[in-house]
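Quick caveat, the model's predicted, so the values are computed rather than measured. What you see below is based on every heavy atom in this structure, not just the backbone, and it leaves out hydrogens, waters and symmetry mates.
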Amino acid sequence: MTRAKSLKYLVVGLIMTIICAWSIVEDFWFGWVGFVFFGFVSVMFLIKAINPEFKWVNDTNINSKEFADKTKADFNKLYNDNGIFTYSDNGFTVKTEKGDKNIEWRQVNKLTGYKRDYFTTDCICLVVEYDNNQNFEITEEHSGWFQFLEHLKQAFPSIDKSWEIEISTPAFATNLTVLYDRTNENATSN
């Protein structure tokens, strides 16, 4: 935004602020709400007029290279994060509220995926059952989700590589899916 444009908006904002201040006598709430709103907007445009390079928010064009690079870097950071997991050749360690649990891939008895409905969004979940009927759940909201899935697909190559996509549709359905069951040796069912 140019300095001239910011000054033009500043003048309009100040005029509206003065009108709202005057209208406080006529309509108390309308006057004060308008006064605060237009006063705040005027201060924003004053700052922008003084320093045109100032950014209130990151107003990068979503089609720009800068935006694409930042988005890619953010995703790569999230994708490569091991989160609550550390991995070994034979398994993994998961950090839980009750402490760290070391689990070998051969101890995994069952993997069940499903979708949890949060009304406006959905969350893909995975329940990992292992020795002695113990289990833990990880969701796509946990840090380390992507790397866990990568390791899981390497350890259990029979698992459908696109199970998360299959579970995500249709909307509002739980889509409970057994991805792996040692007793049925890699059953997949809905």
Side-chain angles (χ1 to χ4, degrees), residues 36 40 44 54-190:
V36 169
F40 180 73
M44 288 177 27
F54 182 80
K55 293 182 181 179
W56 286 96
V57 293
N58 187 356
D59 56 359
T60 304
N61 181 342
I62 62 171
N63 296 319
S64 72
K65 182 173 177 1
E66 177 188 356
F67 182 80
D69 291 345
K70 174 141 178 40
T71 302
K72 185 176 181 178
D74 289 349
F75 176 76
N76 284 335
K77 181 179 178 186
L78 183 65
Y79 182 82
N80 293 316
D81 182 12
N82 283 334
I84 60 174
F85 298 97
T86 52
Y87 299 96
S88 67
D89 293 338
N90 300 328
F92 60 94
T93 301
V94 60
K95 297 174 188 138
T96 69
E97 294 171 357
K98 297 177 184 177
D100 294 356
K101 294 191 185 264
N102 297 313
I103 302 169
E104 292 186 11
W105 294 118
R106 64 179 177 77
Q107 292 176 278
V108 174
N109 294 324
K110 190 173 185 180
L111 300 167
T112 307
Y114 69 96
K115 183 175 58 175
R116 187 178 293 144
D117 179 31
Y118 290 155
F119 187 65
T120 56
T121 62
D122 291 330
C123 181
I124 305 297
C125 307
L126 178 67
V127 177
V128 178
E129 296 178 36
Y130 57 100
D131 284 348
N132 302 323
N133 294 323
Q134 296 182 23
N135 66 61
F136 70 91
E137 179 180 274
I138 179 173
T139 73
E140 63 185 341
E141 296 174 346
H142 284 100
S143 64
W145 167 261
F146 293 108
Q147 284 303 303
F148 185 75
L149 293 185
E150 287 299 317
H151 285 84
L152 188 72
K153 289 172 184 176
Q154 289 172 8
F156 300 97
S158 61
I159 293 176
D160 183 356
K161 302 295 184 231
S162 61
W163 70 268
E164 312 98 297
I165 295 168
E166 299 296 326
I167 285 177
S168 67
T169 55
F172 309 114
T174 302
N175 297 332
L176 186 68
T177 304
V178 175
L179 304 171
Y180 174 82
D181 187 345
R182 185 173 304 282
T183 58
N184 294 333
E185 203 57 42
N186 71 22
T188 303
S189 62
N190 283 332

Can you check whether [Y]'s main-chain N or O pairs, donor with acceptor, with [X]'s side chain at less than 3.5 Å?
{"X": "Arg106", "Y": "Asn90", "value": "no"}
{"X": "Gln107", "Y": "Tyr130", "value": "no"}
{"X": "Lys110", "Y": "Thr183", "value": "no"}
{"X": "Gln147", "Y": "Tyr79", "value": "yes"}
{"X": "Lys101", "Y": "Thr96", "value": "no"}

Over 60° means perpendicular and under 30° means parallel, so tell me whether [X] and [Y] are parallel, tilted or perpendicular.
{"X": "Phe156", "Y": "Tyr180", "result": "tilted"}
{"X": "Phe92", "Y": "Phe136", "result": "perpendicular"}
{"X": "Tyr87", "Y": "His151", "result": "parallel"}

What's the spacing between [X] [atom1] and [Y] [atom2] if we round to 0.5 Å?
{"X": "Ile167", "Y": "Thr177", "atom1": "CD1", "atom2": "OG1", "value": "4.0 Å"}
{"X": "Asn80", "Y": "Phe75", "atom1": "CG", "atom2": "CZ", "value": "8.5 Å"}
{"X": "Leu152", "Y": "Ile138", "atom1": "CG", "atom2": "CD1", "value": "9.5 Å"}
{"X": "Asn109", "Y": "Gln134", "atom1": "CG", "atom2": "CD", "value": "10.5 Å"}
{"X": "Trp163", "Y": "Asn175", "atom1": "CH2", "atom2": "CG", "value": "11.5 Å"}
{"X": "Lys72", "Y": "Asp74", "atom1": "NZ", "atom2": "CG", "value": "12.5 Å"}

Other residues, nucleotides, ligands: >12 heavy atoms within 6.0 Å of Asn133 CG: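 No, the 6.0 Å shell around CG holds no more than 12 heavy atoms from other groups.
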Exceeds 12 heavy-atom contacts within 6.0 angstrom, atom NZ of Lys98: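 Open.
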Out of Cys125, Cys123, Ser168, which residue meets the side chain to side chain contact (heavy atoms under 4.5 Å, CB included) rule with Glu140?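 With Glu140 as partner, Cys125, Cys123, Ser168 yield a single side chain to side chain contact (heavy atoms under 4.5 Å, CB included), made by Cys123.
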So, do [X] and [Y] sit near enough that their side-chain heavy atoms are less than 4.5 Å apart?
{"X": "Val128", "Y": "Val108", "value": "yes"}
{"X": "Lys95", "Y": "Asp100", "value": "yes"}
{"X": "Ile124", "Y": "Leu126", "value": "no"}
{"X": "Glu137", "Y": "Tyr114", "value": "yes"}
{"X": "Ile84", "Y": "Phe148", "value": "no"}

Start with the C-alpha gap between Glu166 and Asp160, add the side-chain angles, then the distance that decides, and say whether side chain to side chain contact (heavy atoms under 4.5 Å, CB included) holds. CA-CA 9 Å; Glu166 299 296 326; Asp160 183 356; 4.0 Å; yes
Would you name the heavy atoms of Trp105 and Ala155 that are closest together and state the gap between them?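 Heavy-atom minimum between the residues: CD2-CB, 3.4 Å.
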Partners meeting side chain to side chain donor-acceptor pair (under 3.5 Å) with Asn102 (sequence neighbours left out):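 If we apply the side chain to side chain donor-acceptor pair (under 3.5 Å) test to Asn102, skipping adjacent residues, the hits are Thr93.
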Between Glu141 and Arg116, is the closest basic N to carboxylate O distance under 4.0 Å?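 Here Arg116 does not pair with Glu141 in a salt bridge, since their nearest N and O are not under 4.0 Å apart.
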